[in-house]
Amino acid sequence: MGVYTFVCRSAGGEWTAKQISGGDLEATASSTFDLQRKLVYAAASIDSSGGVQSSFSLVTPSSAVFLVIIGGGGGGGFISGGGAVAAGAPAGGSAAAEAPKEEEKNAEKEESDEEEFGLSLFD
């Protein structure tokens, strides 16, 4: 598993990034999107042991921290998590269909409660 951390800065409309703590990876781009792509490709060219996760966080409007994680258990967990959602979808769909019925019953009960006390919405 490889973890690559970059400090990114913007000056003159151009973003630059330098790896911190034990590396010499660098990249330059005109946008943060392109910078992130270049950094992920650079990190993946060094370590291709598994899935890639990344996180880009602006610290100020002209500086940011970018983290690239390659390998580890994160990639597999994401795939199995997606499968669990897909398997649970039919059950969730039927539960969602039942919810409006219960809301209708509650709304009817609330209306009858107002009538019992002689209250009306337009009084």
Side-chain angles (χ1 to χ4, degrees):
M1 182 172 99
V3 178
Y4 304 88
T5 306
F6 302 90
V7 173
C8 309
R9 292 193 174 94
S10 173
E14 185 170 81
W15 282 89
T16 58
K18 292 184 181 182
Q19 184 180 1
I20 58 172
S21 63
D24 59 347
L25 294 177
E26 295 182 0
T28 303
S30 60
S31 69
T32 57
F33 176 78
D34 289 334
L35 183 66
Q36 291 174 54
R37 288 182 55 207
K38 288 180 178 183
L39 293 172
V40 167
Y41 289 132
S45 69
I46 293 173
D47 183 359
S48 58
S49 63
V52 176
Q53 295 180 358
S54 65
S55 172
F56 185 87
S57 300
L58 283 173
V59 178
T60 68
S62 61
S63 66
V65 175
F66 185 57
L67 181 68
V68 179
I69 303 170
I70 299 179
F78 177 75
I79 294 170
S80 66
V85 171
S94 62
E98 293 175 8
K101 292 178 185 175
E102 291 182 22
E103 290 177 11
E104 289 176 12
K105 290 179 185 177
N106 288 340
E108 289 176 12
K109 183 179 178 184
E110 288 176 11
E111 289 176 11
S112 64
D113 288 345
E114 290 177 0
E115 292 172 4
E116 288 177 15
F117 295 110
L119 302 174
S120 174
L121 181 62
F122 300 105
D123 284 346

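As the structure is a prediction and not an experimental result, all values here were calculated from the model.
F66 and V7 fall into different hydrophobic clusters, where Ile, Leu, Val, Met, Phe, Trp and Tyr side chains are chained together by heavy-atom contacts under 4.5 Å. Taking hydrophobic clusters as Ile, Leu, Val, Met, Phe, Trp and Tyr residues chained together by side-chain heavy-atom distances below 4.5 Å, I20 does not share a cluster with V68.
Here the CG atom belonging to L58 is positioned 9.0 Å from the SG atom belonging to C8, to the nearest 0.5 angstrom.
Here the shortest heavy-atom pairing between Y4 and Q19 reads CD2-NE2, 3.4 Å. Contact record, G71 with S49: CA-OG, 3.9 Å, taken as the closest heavy-atom pair.
With S10 as the partner, the side-chain contact (heavy atoms from CB on, under 4.5 Å) test is satisfied by one option alone out of S63, S30, S62: S62.
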Side chains of residues 32-44: which donor-acceptor pairs under 3.5 Å do they make with residues two or more places apart or in other chains?
| unit_1 | atom_1 | unit_2 | atom_2 | d |
| --- | --- | --- | --- | --- |
| D34 | OD2 | S31 | OG | 3.3 |
| Q36 | NE2 | T32 | O | 3.3 |
| K38 | NZ | T28 | O | 2.7 |

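Ring planes of W15 and F56: perpendicular class, angle over 60° (limits at 30 and 60°).
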Given side chain to side chain contact (heavy atoms under 4.5 Å, CB included), test K18 with T16 step by step and report yes or no.
CA-CA 7 Å; K18 292 184 181 182; T16 58; 6.0 Å; no
